[in-house]
Protein chains: 2
Amino acid sequence: MAKLKSAALEKSSHLEYFNIAVSVDCVIFAYAEKALKVLLIQSDLEEFAGMYSLLGDLVRPDEDLDEASYRVLRERTDLHDVYLEQVHTFGNLNRHPSGRVITTAYYSLINLKNNKLQLTHNELSWHDVNKVRKLAFDHKQILDTCLQRLREKVLEQPIVFNLLPEKFSLRELQDLYEAILGVELDRRNFRKRIILKDWLIDLNEMEVDVPHRPGKLYKLRPSLKRNGKLSVKSEQKLTA
Amino acid sequence: MAKLKSAALEKSSHLEYFNIAVSVDCVIFAYAEKALKVLLIQSDLEEFAGMYSLLGDLVRPDEDLDEASYRVLRERTDLHDVYLEQVHTFGNLNRHPSGRVITTAYYSLINLKNNKLQLTHNELSWHDVNKVRKLAFDHKQILDTCLQRLREKVLEQPIVFNLLPEKFSLRELQDLYEAILGVELDRRNFRKRIILKDWLIDLNEMEVDVPHRPGKLYKLRPSLKRNGKLSVKSEQKLTA
DNA sequence: AAGAGTATATGTACTTCTTACACATTGTGT
DNA sequence: ACACAATGTGTAAGAAGTACATATACTCTT
């Protein structure tokens, strides 16, 4: 922006340079049926008839970029304090058939149990991330990029808990990690590592209504809760 | 973008939604005098008189986002195949005093030895990253974010070689890592680790004109060269 | 030419982390 | 009461990381 003078913003270059629209797209992850799911909507562009796309919207001139992605989430899920992370901005010339639109991709992690309104917006549906083949625009690439980022992040930071109910067993937690990472984990080693990280608090409660020996229930240590606003400072490196 | 119809792009929302300008800002890193340097320019906005800012420009309606950052680099450094990585997009409402501008930050790594034209653009100057206190706009935050990303990345990927000449000694390489990470490293352990990573080729040459016992010279294994285009696929995890 | 100065080159013991792996226990359902 | 299914737990071997000291090669000074 060094060369940009105030004058330039108000005069001739205006028409020329304000020809780019700015949007956000949200990759909304949830966990259900032992699979990582992503919330998609039927595309309403005729170019992409019958295809699904991510949830997104143009950024309003009077809202912060991050705020725009929160708004998309609020409008779609009625959830407020969701975990949200910016991942990448996609700005290829022809990524949008109707014009020049650059989009900033975010992913968010929500807990389906808190969220009954899945059917309020009936064009929306949940899809197993491993079964998504093709999406409108460059949304498959956006999804892949966000998924990769999520995979890196869950190894270091206690963010997966945003996908789980308040109370969970170690088995549920391990299933979730396996769903995200797409690998099988050794149960004993997993338990050892997760306990070492000191993320969890033992609730001294047990699972109920399971058709086998019930497991202990845990919750995330409250000081590590990270739903809500972005831009975390002083990150505790959690593998170290 | 799901809700955006072609019609919307051409009708009333046009004026409303194309009021956001899009820019790129480049954090151009180089290595000199055993310090990591960043290329800055005197701000030409009166709001920031006397302050420095990063190098950036508005994205043109007919160029890809990544292309815009390459252009900024080309225009400023006359370098072509530079390492460039997108880091984050900053979109706060009031980050630019003259209007609504969202900017995507990139960092690049260049080799000062290849680059004689430092003085062609005489408003430009190199600054030790540790001594930069305040910059125009939110550029200090952008610099910090890019530096943090660089620090994470150099531990995993063989990218620091973009900052060094073709041939270098292990001491030079270690000095560079120390400058980037801001820590002292143990020489024997550093050599062991870097050899283990198998990034280097022993040139069977020696340093010359050093006032002490000369060290061996190495170069980066050619298959790992990564200057040039972005978006690396199949990244070899290099710590693993 | 000798000696001081400076940086290179190299290996080992200790600790920590990672991985592989088996058996007794506790609840449900029939 | 018995089959079933999942929980809960420890140890040994290998890999990776850390701390640390001495001999060597070249330059510069006198």
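Any value given below was found using the heavy atoms of this structure, including those in side chains, with hydrogens, waters and symmetry copies removed. The sequence lines fix the lettering, A, B, ..., with proteins before strands; numbering per chain opens at 1. All values derive from a computational prediction rather than experimental measurement.
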Can you tell me if the side-chain N/O atoms of B:Arg213 get under 4.0 Å from OP1 or OP2 in D:dA23? no
When you measure from the side chain of B:His127 to the backbone N and O of B:Val132, does any donor-acceptor pair fall under 3.5 Å? no
Nearest to side-chain heavy atoms of A:Asn189, which nucleotide of D:dG17, C:dT10, D:dG10: D:dG10
Any side-chain donor-acceptor pair under 3.5 Å between B:Tyr52 and B:Gln42? yes
Of all the choices, C:dT18, D:dA5, D:dG8, which nucleotide is nearest to the side chain of A:His212 once you look at every atom? D:dA5
Is it the case that the base of C:dA9 and the side chain of B:Arg187 share a donor-acceptor contact (distance under 3.5 Å, atom types as modelled)? yes
Quick one: is A:Arg191 getting a side-chain N or O under 4.0 Å of the D:dG8 phosphate, OP1 or OP2? yes
Minimum-distance nucleotide to A:Arg193 side chain [options: C:dG27, C:dT19, D:dT27]: C:dT19
Okay, side chain of A:Asn111, backbone of A:Leu164: is any donor-acceptor separation there less than 3.5 Å? yes
Of A:Met206 and A:Pro211, the one whose closest nucleotide on DNA chain D sits nearer the 5' end is A:Pro211
Just compare C:dT8, D:dA19, D:dT7 and give me whichever is closest to any side-chain atom of B:Lys192. D:dA19
Separation of C:dT8 atom C1' from B:Phe190 atom CZ, nearest Å, is 14 Å
Respond yes when some side-chain nitrogen or oxygen of B:Arg188 is under 4.0 Å from OP1 or OP2 of C:dG11, and no when none is. no
What pair of heavy atoms forms the shortest contact from A:Leu170 to A:Phe190, and how long is it? O-CE2, 3.8 Å
